[in-house]
Amino acid sequence: MFVLLNAAVSVPSLLSAVLRDLPHFVANWNSMSSSLAQMKVRVAVHQGLAVADAHGWAGADLDEAARLVDHSVLRGVMNASRNPVVVSVSDSVYESAVRHGYPGIPAASFRRVAVTTKNRDTTTWISDPEGLLETAAASAVPQDTAIRAYVVAGGGPDADEGALLDISDRPEVAAATRAMGSAFDRIFQALGPPPEGLLMRYRAVASDGGGSAR
């Protein structure tokens, strides 16, 4: 479902309602419904431009919202969460409405996630009061997006994005590191040896001499 709102709507007020009221409504529905009708909801909040044409609403920002709501890490958090609603916001919404700590928006619960969707790098922030993001990213290790997400999942806007080795005593990080190492091995073997003269201190080794493996 796409919900398009007029630009005059306050983004902090909208996000506060999504975080506070929507979980209440969904929980109330679940409490009155059978086990077959239980719901969990993923929400992505983005801001930008949308254009109406003969086929409906369209635009790059709508595509971005769809990517944010559909990526594997948000799905993993939803599956693991006890809450009926999980919320992801775009980088622009985080900067304008979350990081300032407006009433009803617990900025400290949001975690930054870098993902690649359809060959495009993007950033999202997921509300994660239960601390599930690390587990969700590690459980999706076979996907490159999940590995990238785990590296930056450990903190807020001032977190060190390259601190993977500093927290490598965690088993889920070890799994992600092994997957990354295997991926780099495949990349370098596909590339083969460097061209002659590219590395000043080393002589290129022919592929039949083990150059790709090296």
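All of these numbers come straight from a predicted model, not from anything done at the bench.
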For this session: Determine whether the side chains of S90 and E64 contain a donor N or O and an acceptor N or O closer than 3.5 Å.
Result: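 No - no donor-acceptor pair under 3.5 Å links their side chains.
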
Where do [X] and [Y] come nearest, in terms of heavy atoms and distance?
| X | Y | result |
| --- | --- | --- |
| A37 | N30 | O-OD1, 4.2 Å |
| S16 | P103 | OG-O, 3.8 Å |
| L4 | A50 | CD2-CB, 3.9 Å |
| S88 | L74 | CB-CD2, 3.8 Å |

Taking atom [atom1] of [X] and atom [atom2] of [Y], what is their separation to the nearest 0.5 Å?
| X | Y | atom1 | atom2 | value |
| --- | --- | --- | --- | --- |
| Q47 | L5 | CD | CG | 11.5 Å |
| S13 | I105 | OG | CD1 | 8.0 Å |
| T124 | H46 | OG1 | NE2 | 10.0 Å |
| R112 | I126 | CZ | CD1 | 12.0 Å |
| L22 | L15 | CG | CG | 11.0 Å |

Determine whether a donor-acceptor pair (N or O, by modelled atom type, separation under 3.5 Å) exists between the side chain of [X] and the backbone of [Y].
| X | Y | result |
| --- | --- | --- |
| D128 | L133 | yes |
| H100 | E95 | yes |
| D61 | L49 | yes |
| N28 | H24 | no |

Problem set entry | Pair listing, salt bridge (Lys or Arg N to Asp or Glu O under 4.0 Å) test, anchored in residues 32-54, at least two apart | R42-D70

Min side-chain heavy-atom separation [X]-[Y] under 4.5 Å:
| X | Y | result |
| --- | --- | --- |
| S81 | L132 | yes |
| L62 | F2 | yes |
| P23 | V87 | no |

For this session: Have a look at V89 and tell me which of L68, V18, V11, V45 forms a side chain to side chain contact (heavy atoms under 4.5 Å, CB included) with it.
Result: V45

